[in-house]
Amino acid sequence: MRSLLFVPGDSLRKLEKGLGSGADVLLIDLEDSVALDAKEEARRITAAFLAEQRQEARRPRLFVRVNGLTTGLIDEDLDDVMKSAPDGIVLPKTVGGPDVAHLGAKLAVREAEFGLDDGGTRILAIATENAAGVFALGTFAGASHRLMGLTWGGEDLSADLGAEANRTHDGVYTDPYRLARSLTLFGAAAAGIDAIDSVFTNFRDMDGLEAECLTARRDGFVAKMAIHPAQVPVINEAFTPSAEAIERAQSVIEAFKAHPGAGVVGVNGEMLDRPHLLRAERLLRRAGRVA
């Protein structure tokens, strides 16, 4: 996956528009974008949409962002949407591996109740929306076999910190949010799962979005969340490995195959070691998932 597009769960029109956006994943939202008095209607619309789309062969993956574990709303969310078999659940306000394990137990009960494949519902955790979550970023390894990715959020975190802003006047994240972003990357690597970059809120600034995507890809993120369909093509292009990058990765792998047991090989005049091999293998796996 490269692009994950948020779509409000209470708008069938926006859900249908999201299907044509080109996003690899739709993040159907029952949390922040849905008012409290609209939650019940959002659950109904989301469940019906999932049931209609689940049999379609060519569709984005469909994840649902539920309300957090401490809201008193998550069980109603899961009761309504799990019967329609979403591909995954997005857990907001996650505070470490124990929260993921807690959600995993809730999913297991509902998979059994609704006759779904045991363990088939994946989990994407949003892990930095409060200060406690930042301190728990090293606890995700082994939390659940369902956990497929870790992402971060700067908007809720800024509210939790009482910050006046989370970016400078030129659009660059300030230090607390750069730290949260980096720790998310480390936490995902330690857990052996995908690191997914946060949203870029200025949906009219495509140049800024592209720059942020390229920086994220450079650092090790494999995908980015979006808040508007217009952002999806930019994200997809940035996170799709180029033909040149694929060719180079294949050259690195072939060089190590030709010299089994070697610690260092030469490729196009460069001396490369095992970390370069791991990087090449990871890039080809990404390319395969995109294809």
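Side chains are part of it too, since the values below use all heavy atoms of this structure and drop only hydrogens, waters and symmetry mates.
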Let me check something: do [X] and [Y] share a hydrophobic cluster, defined by ILVMFWY side-chain heavy atoms less than 4.5 Å apart, either directly or through other members?
X	Y	result
Val95	Leu147	no
Leu214	Phe221	no
Phe140	Leu69	yes
Leu30	Leu73	no
Ile28	Leu12	yes

For the pair [X] (side chain) and [Y] (backbone), establish whether a donor and an acceptor sit closer than 3.5 Å, ignoring hydrogens and angles.
X	Y	value
Ser158	Glu155	yes
Gln231	Phe200	yes
Thr151	Ile196	yes
Ser198	Trp152	yes
Asp194	Ala223	no
Lys83	Leu78	no
Asp117	Gly120	no
Asp10	Val34	no
Ser144	Val100	no
Thr121	Gly88	no

Candidate pair Leu183 and Thr128, rule side-chain contact (heavy atoms from CB on, under 4.5 Å), full reasoning = CA-CA 9 Å; Leu183 290 175; Thr128 69; over 6 Å; no
Separation of [Y] [atom2] from [X] [atom1] (nearest 0.5 Å):
X	Y	atom1	atom2	answer
Phe239	Cys213	CZ	SG	5.0 Å
Ile193	Ile123	CD1	CD1	10.0 Å
Leu15	Phe49	CG	CZ	5.0 Å
Glu52	Glu16	CD	CD	7.0 Å
Lys14	Leu26	NZ	CG	13.5 Å
Asp29	Asn67	CG	CG	8.0 Å

Residues Val90, Met225; criterion side-chain contact (heavy atoms from CB on, under 4.5 Å); working and verdict = CA-CA 12 Å; Val90 182; Met225 299 186 295; over 6 Å; no
query = Among Lys224, Met206, Glu212, which residue meets the side-chain contact (heavy atoms from CB on, under 4.5 Å) test with Val234?
reply = Met206
key: Distance-only donor-acceptor check, side chains Ser84 and Arg54, under 3.5 Å   = no
message = Checking Asp99 against Thr94: is there a side-chain donor and acceptor pair closer than 3.5 Å?
response = no
Student check: side-chain heavy atoms of [X] and [Y] closer than 4.5 Å:
X	Y	result
Ser3	Asp24	yes
Leu157	Asn166	no
Asp32	Arg65	yes
Leu4	Ile235	no
Arg181	Thr215	yes
Asp160	Glu129	no
Leu272	Leu277	no
Met271	Val264	yes

Flag the pair [X] and [Y] as a salt bridge only when some basic side-chain nitrogen lies within less than 4.0 angstrom of an acidic carboxylate oxygen.
X	Y	result
Arg43	Glu40	no
Arg217	Asp197	no
Asp75	Arg110	yes

key: Which residues share a side chain to side chain contact (heavy atoms under 4.5 Å, CB included) with Arg122, sequence neighbours left out   = Arg61, Phe63, Met148
task = With salt bridge (charged side-chain N to carboxylate O under 4.0 Å, His left out) as the test, would you mind laying out the steps for Glu111 and Arg146 before giving the verdict?
result = CA-CA 13 Å; Glu111 285 171 344; Arg146 300 174 184 273; 2.7 Å; yes
key: Crowding at CZ, Phe135 (>12 non-hydrogen neighbours, <6.0 Å)   = no
ask   = More than 12 foreign heavy atoms under 6.0 Å from CD of Glu237: is that the case here?
value = no
task = Carefully, step by step, assess Asp80 and Glu76 under the rule side-chain contact (heavy atoms from CB on, under 4.5 Å).
result = CA-CA 6 Å; Asp80 283 0; Glu76 292 178 81; 5.7 Å; no
inquiry  = The test is salt bridge (charged side-chain N to carboxylate O under 4.0 Å, His left out); show your working for Lys93 and Glu31 and say whether it passes.
reply    = CA-CA 11 Å; Lys93 314 297 190 295; Glu31 195 212 15; 2.7 Å; yes
Heavy-atom closest contact (Ala23 atom, Pro60 atom, distance) = O-CB, 3.3 Å
task = List the steps and the verdict of side-chain contact (heavy atoms from CB on, under 4.5 Å) for His102 and Ile74.
result = CA-CA 12 Å; His102 189 177; Ile74 187 171; over 6 Å; no
